[in-house]
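The structure appears right after this line, and notes come after that.
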Number of protein chains: 2
Amino acid sequence: MVNFELYKVFYLTAKSGSLSKAAKELYITQPSVSHSIKLLEESLGLPLFARTSKGVDLTKEGAVLYSYIEQAYNFISLAEEKLSELRNFSSGEIKIGGSDSLCKHYLLPFLESFHVQYPHIQINLVHGTTPEIVRNLKEGKIDIGIVRTPIHDDHLQVREGITIQDCFVTGPKYRELTEGKVTLTELLAYPIILFSSNSSSRKFVTRLFSDNGLLLEPEIELGSVDLLIEFAKIGFGVSFVTKEFVAKELAEGSLYEVKLEAAIPSTKIGIITLKNMPLSTAAAAFVAELENPGQVGSR
Amino acid sequence: MVNFELYKVFYLTAKSGSLSKAAKELYITQPSVSHSIKLLEESLGLPLFARTSKGVDLTKEGAVLYSYIEQAYNFISLAEEKLSELRNFSSGEIKIGGSDSLCKHYLLPFLESFHVQYPHIQINLVHGTTPEIVRNLKEGKIDIGIVRTPIHDDHLQVREGITIQDCFVTGPKYRELTEGKVTLTELLAYPIILFSSNSSSRKFVTRLFSDNGLLLEPEIELGSVDLLIEFAKIGFGVSFVTKEFVAKELAEGSLYEVKLEAAIPSTKIGIITLKNMPLSTAAAAFVAELENPGQVGSR
DNA sequence: TACTCACTATAGAAGGTGTCTATATGGTTA
DNA sequence: TAACCATATAGACACCTTCTATAGTGAGTA
């Protein structure tokens, strides 16, 4: 199989009908083009051009070759254009898997600003539990996963995002709970509202109690953070939520934080990707934004 | 624009999913492929493969590139196959322009044997006068022209074919003409049958007479050699024909040659092609056959 | 006819690039 | 843990691409 580079020279020569012009387009000298064409003709065993004093004309066989090479050349040009788009963020796609509640409250602002900055990058958001996210990552269905740390998997690269602090909150009805410090045992006397049992925040809090020899059983189990907030507000009980995600409610006084005697350990957002698989340009840009909010992306 | 040769390496690597396998297909070593891929990635500014312990996987961008390069590669493969066919005479076309009578009586046997030998070569036969043939050649409408020599044109390459000898023939009716030598003047007493006035054989014979101060005016003017023969046979007069083309009739006695006192100069078949334009493989093979009948073409 | 112009071909030299060998590194599996 | 199979890296060398300089050729023109 002939050196493909020769076909580039051939194409430009045939197109311009001149070795000299092809040389200019290739930023090389005319003898070099002459030599390349000769090489190609020898490799293929056929004369491709008739040399005249005004340039070169394709022979029959040269014309046949040209009809194919023209298309091949166009595909390569298209490929390079397309890749350039991908590099320039003028096209591309990112698939993100957000674990549970993190989707809306943590990810959404990033998605919005990213979309404003790179409007041609299509964003695809999948949400599920941490194990689902990890599976999707490994199957190539998503590029980036957003989960709670700690997470340990040799195939994953874990970057740490912001620190989040979970807490119990309640509405005005159980306001007495928020006046002094409360023990975990005391808390269990109240109706507890928790996220669905397969979520990592649920596992986290269940573990917190069991480490203290206590069994945490929710009165109500809900599937969204918004509902956890609402139910607490209107007095159904005490919700376990991420403090950062209820900042507004705490500030406006529609929710109150329950101060516990035992501190709830803080945790970090984990931005996970596959260790081996290089990120697409767009995905890399998004990850960079997550790691250093507001600092990246001036192009 | 990236070195096209790198795309060949890329394609084979992506297709096999392995640098080592691509290296084998390319008959080079694995580090060389590794280097080429790295170069390509640097040239394009994007990672194209994720390296694993089992080989390499395309990245998102790599997959995009592959979808284009695959097609380009296929076109190039097709091109090379097609050219190989042209080289092997398993496809191709020859356009031949035959001047007047030469078509049938001279060319036909060659065409038949050539077609038997290379059944996939399509033969296209055009006939016309010598100037038409030359014009068609220059316009690229035919590849080879068959004319009477002499012919002089700086743009033409003229190869000589067989020698032909023109003569006057007649049927039994004017048999007295064929018994002794006849002068041109004596011949003019008989009804002369000639080819159409734009033919080169007609010009040739008219010139022969005018050089001797005589005016040759035909009784009958015909458009085909077959008719010249037929008309002479059945006694319409004396036809001017090429002796080689009436060999059968002379042998079987249906025609008789008129022996002239002045010898008619013999002439040669000219195989003409454009000087600058290389012949297609098939055309070159045909010309070789014309030049050396029966000696070429054992493949 | 001779001159000029524009193009391609050729020769020889030099630098760059592709390829090699040898070896390191890393993941997977028994 | 060792063996195996992948890719990565380093350094050396040879080849090949490209260069400069020049020759050759045909077309157009005074």
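For clarity, every value in this text was computed on a predicted model and none was experimentally measured. Convention: sequence-line order gives letters A, B, ...; per-chain numbering from 1.
Here B/Lys95 pairs with B/Glu93, B/Asn124, B/Ile142, B/Asp143 under the side chain to side chain contact (heavy atoms under 4.5 Å, CB included) rule; sequence neighbours left out. By the side-chain hydrogen bond (donor to acceptor under 3.5 Å, both in side chains) test, A/Lys138 pairs with A/Asp153, sequence neighbours left out. Applying the side chain to side chain contact (heavy atoms under 4.5 Å, CB included) rule to B/Gln157 yields the partners B/Arg159, B/Thr273, B/Lys275; only residues at least two apart in sequence or on another chain are considered. With sequence neighbours left out, B/Lys38 forms a side chain to side chain contact (heavy atoms under 4.5 Å, CB included) with B/Glu42. With sequence neighbours excluded, the residues satisfying side chain to side chain contact (heavy atoms under 4.5 Å, CB included) with A/Pro278 are B/Pro47, B/Ala50, B/Thr59. Taking B/Lys24 as the reference, nothing meets the salt bridge (charged side-chain N to carboxylate O under 4.0 Å, His left out) condition, with sequence neighbours excluded.
Pairing each heavy atom of B/Ala79 with each of A/Leu65, the nearest pair is CB-CD1, 3.7 Å. Closest of all the heavy-atom pairs between A/Ile133 and A/Gly98 is CD1-N, 3.7 Å. B/Glu5 and A/Val2 make their closest contact through OE1-O, 4.3 Å (heavy atoms, listed as atom of the first residue, atom of the second, distance). Heavy atoms only, all atoms of each residue included: B/Leu125 and B/Leu111 are closest at CD2-CD1, 3.7 Å.
Within the structure, ring pair (Phe, Tyr, Trp, His ring centres under 6.0 Å) pairs that include any residue of residues 52-76 of chain A comprise A/Tyr11-A/Tyr66, A/Tyr11-A/Tyr73, A/Tyr73-B/Phe4, A/Phe75-B/Phe75 (at least two apart or interchain). Residue pairs that meet the ring pair (Phe, Tyr, Trp, His ring centres under 6.0 Å) test with at least one member in residues 32-52 of chain A, sequence neighbours left out, are A/Phe10-A/Phe49.
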In B/S/- notation, 5' to 3', how is nucleotides 24-30 of chain C contacted by protein heavy atoms closer than 4.0 Å? ---SS--
Which nucleotides of nucleotides 9-23 of chain D have their base under 4.0 Å from a protein heavy atom (B), which only their sugar-phosphate (S), and which neither (-), written as one string 5' to 3'? B-------BBSBB--
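At D/dT7, one or more side-chain N or O atoms of B/Ser18 fall inside 4.0 Å of OP1 or OP2 (strictly under the cut-off). In terms of phosphate contacts, A/Arg51 brings a side-chain nitrogen or oxygen within less than 4.0 Å of OP1 or OP2 of C/dA9.
The interatomic distance linking B/Phe49 (CZ) with D/dA8 (P) rounds to 10 Å, in whole Å. Atom-to-atom, CG of A/Leu19 to C1' of C/dA9 comes out at 10 Å; the value is rounded to the nearest Å.
With a 4.5 Å cut-off on side-chain heavy atoms, A/Leu26 and A/Lys8 count as touching.
At its two ends the helix from C/dT1-D/dA30 to C/dA30-D/dT1 runs along axes set 30° apart, each axis drawn from five pairs and the angle rounded to 10°.
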Distances under 3.5 Å between protein N/O atoms and the N/O atoms of nucleotides 12-16 of chain C, please, pair by pair.
none

